[in-house]
Engineer: 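Have a look at this one.
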Amino acid sequence: MAKFFSRDVRVFFDGYDPSPQTVRYDLGIEQGALEVTAFGDAGERVIAGVKTATFEWAALFDDVSTALDAANTLIGNGTARVLMVLIGTGTGARAFAGTAFMLAQKEEAHISELVRMEAAFRSDQAWDVAVHYGPKAVLPPGTNSGSIDNTAASTAGGTVYFIIHSATTATGTALLQDSADGITFATLGTALIVYSGTGPISTVGPYAGTIRRYTRVLNVAGSTGTITITAALKRS
């Protein structure tokens, strides 16, 4: 049974990386027990059997461009962003991934103490319990993350979560590949992300169909530069 220290946890929200400042996080997986008709209140939006998720985060305040302080413009934004929590730094380690809204952010300080900040998120889906391909993997053109052995093929498809943090040039394409033997890989058609030089970007790639036993992330040979990427896969 694997054991992990908190130093092996990484948190990413739509290209922001508050991991170096993190001092606490709480990830909650919830499910409504009763639906709206049981309450008789049209204001209730609980749907029985549908999972939701929460995420609360606290850290030492930092004003670097990748800290969550810089993400305050996303508060109240109507677009859900990719949120990933990685536990373990090796390829194939556990990840919790989904899309979420930032609801609130606050700073606090006590006399003679470092300033802290907190943020709260609400997922617009259940957390996907996934595996990841390494936190911030640096992939030159034509190189891959290393493959994950998922022990067997899955016929029910899955979802891949991508964040490209940066690239050395304006263009680059990352994609998910699968293989039956860990040697010969083929591209999963819908699971790709194209970097266009506009800063960190994230996306979710659903895939319906068979995902073979081995999977990996590739920066295609036609890319013009190295990309720094985080990706996680949930097979259904």
Side-chain angles (χ1 to χ4, degrees), residues 9-22 55 64-71 73-74 77 79-102 121 123-125 127-128 130-148 158-178 185-207 211 215-234:
V9 174
R10 301 290 187 273
V11 178
F12 301 109
F13 179 60
D14 193 45
Y16 294 94
D17 177 10
S19 300
Q21 299 88 33
T22 299
F55 185 72
V64 297
S65 61
T66 56
L68 278 186
D69 168 67
T73 56
L74 299 182
N77 187 288
T79 302
R81 314 283 174 147
V82 172
L83 176 61
M84 284 192 270
V85 180
L86 280 49
I87 303 177
T89 57
T91 300
R94 172 66 65 231
F96 294 91
T99 50
F101 300 94
M102 178 183 282
F121 302 82
S123 173
D124 68 340
Q125 63 173 85
W127 283 113
D128 274 339
V131 292
H132 70 79
Y133 297 88
K136 286 194 168 182
V138 179
L139 303 180
T143 63
N144 65 78
S145 61
S147 64
I148 295 175
T159 304
V160 62
Y161 297 86
F162 282 122
I163 297 175
I164 290 184
H165 301 273
S166 62
T168 57
T169 62
T171 61
T173 300
L175 48 81
L176 185 71
Q177 295 186 312
D178 71 344
F185 283 82
T187 299
L188 291 175
T190 59
L192 58 85
I193 181 170
V194 179
Y195 184 84
S196 60
T198 56
I201 57 173
S202 62
T203 192
V204 180
Y207 183 79
I211 299 178
T215 55
R216 71 184 188 184
V217 173
L218 175 74
N219 182 12
V220 300
S223 296
T224 59
T226 296
I227 59 174
T228 301
I229 188 169
T230 301
L233 173 67
K234 167 64 169 65

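Remember, predicted model here, so these are calculated numbers, not experimental data.
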Engineer: Between His132 (side chain only) and Met84 (backbone N and O only), is there a donor and an acceptor less than 3.5 Å apart?
Structural biologist: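 Flag not set: sc His132 to bb Met84 has no pair under 3.5 Å.
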Engineer: Specify the closest pair of heavy atoms between Thr99 and Ser123, including all atoms of both residues, with the distance to one decimal.
Structural biologist: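 Result for this residue pair: O-OG, 3.2 Å.
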Engineer: If only atom types and distance count, is the side chain of Arg94 paired as donor or acceptor with the main-chain N or O of Ala130 below 3.5 Å?
Structural biologist: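 Side chain of Arg94 to backbone of Ala130: a pair is present.
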Engineer: From Asp178 CG over to Leu188 CG, what is the distance, rounded to the nearest 0.5 angstrom?
Structural biologist: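 Separation between the atoms: 4.0 Å.
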Engineer: With rounding to the nearest 0.5 Å, note down the distance linking CZ in Phe12 to CG in Asp14.
Structural biologist: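 Going from the CZ atom of Phe12 to the CG atom of Asp14 covers 12.5 Å.
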Engineer: Run through Ile229, Asn144, Leu176 and flag the one making a side chain to side chain contact (heavy atoms under 4.5 Å, CB included) with Tyr133.
Structural biologist: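 Going through the options one by one, the only one that passes is Leu176.
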Engineer: Nearest 0.5 angstrom please: Lys136 NZ to Leu86 CG, how far?
Structural biologist: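 Lys136 NZ to Leu86 CG: 11.5 Å, rounded to 0.5 Å.
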Engineer: Ignoring hydrogens and angles, tell me if any N or O in the side chain of Thr168 forms a donor-acceptor pair with the backbone of Thr226 under 3.5 Å.
Structural biologist: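 Yes; judged by distance alone, with no hydrogens or angles, the pair exists.
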Engineer: Could you check whether any side-chain N or O of Ser223 sits under 3.5 Å from a backbone N or O of Thr173, counting only pairs where one atom can act as donor and the other as acceptor?
Structural biologist: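 Here the side-chain-to-backbone pair exists.
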Engineer: Start with the C-alpha gap between Ile201 and Tyr195, add the side-chain angles, then the distance that decides, and say whether side-chain contact (heavy atoms from CB on, under 4.5 Å) holds.
Structural biologist: CA-CA 7 Å; Ile201 57 173; Tyr195 184 84; 4.2 Å; yes
Engineer: Is it the case that the side chain of Thr22 and the backbone of Pro18 share a donor-acceptor pair, with hydrogens and angles ignored and the cut-off at 3.5 Å?
Structural biologist: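 Between the backbone of Pro18 and the side chain of Thr22 there is a qualifying donor-acceptor contact (under 3.5 Å).
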Engineer: Which residue, Val131, Val217, Leu233, forms the side chain to side chain contact (heavy atoms under 4.5 Å, CB included) with Ile148?
Structural biologist: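 Option passing the side chain to side chain contact (heavy atoms under 4.5 Å, CB included) with Ile148: Val131.
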Engineer: Does a donor on one side chain and an acceptor on the other come within less than 3.5 Å for Thr143 and Asn219?
Structural biologist: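 Result is no, nothing qualifies.
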Engineer: Determine whether a donor-acceptor pair (N or O, by modelled atom type, separation under 3.5 Å) exists between the side chain of Ser19 and the backbone of Val11.
Structural biologist: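 Yes: the side chain of Ser19 pairs with the backbone of Val11.
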Engineer: Working note: Leu74 + Tyr16, criterion side-chain contact (heavy atoms from CB on, under 4.5 Å); need CA distance, chi angles, decisive distance, verdict.
Structural biologist: CA-CA 11 Å; Leu74 299 182; Tyr16 294 94; 4.0 Å; yes
Engineer: Considering non-hydrogen atoms only, spot the tightest contact between Ala93 and Ile87 and give its length.
Structural biologist: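 Residues Ala93 and Ile87, closest heavy atoms: CB-O, 3.5 Å.
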Engineer: Any luck finding a side-chain donor-acceptor pair between Thr66 and Asp17 under 3.5 Å?
Structural biologist: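 There is no such pair between these side chains.
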Engineer: Closest approach of Phe185 and Ser147, non-hydrogen atoms and distance?
Structural biologist: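 Shortest heavy-atom separation between Phe185 and Ser147 comes out as CZ-CB, 3.7 Å.
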Engineer: Quick one: CD1 on Ile164 to CD1 on Ile227, what's the gap to the nearest 0.5 Å?
Structural biologist: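 Atom-to-atom, Ile164:CD1 and Ile227:CD1 are 4.5 Å apart.
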Engineer: So, using ring-ring contact (aromatic ring centres under 6.0 Å, His included) as the criterion, who are the partners of Phe121 when residues are at least two apart?
Structural biologist: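 For Phe121 the ring-ring contact (aromatic ring centres under 6.0 Å, His included) partners, ignoring immediate neighbours, are Phe13, Phe55.
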Engineer: What residue among Thr203, Asp128, Thr230 forms side chain to side chain donor-acceptor pair (under 3.5 Å) with Tyr161?
Structural biologist: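 Among the candidates, only Asp128 passes.
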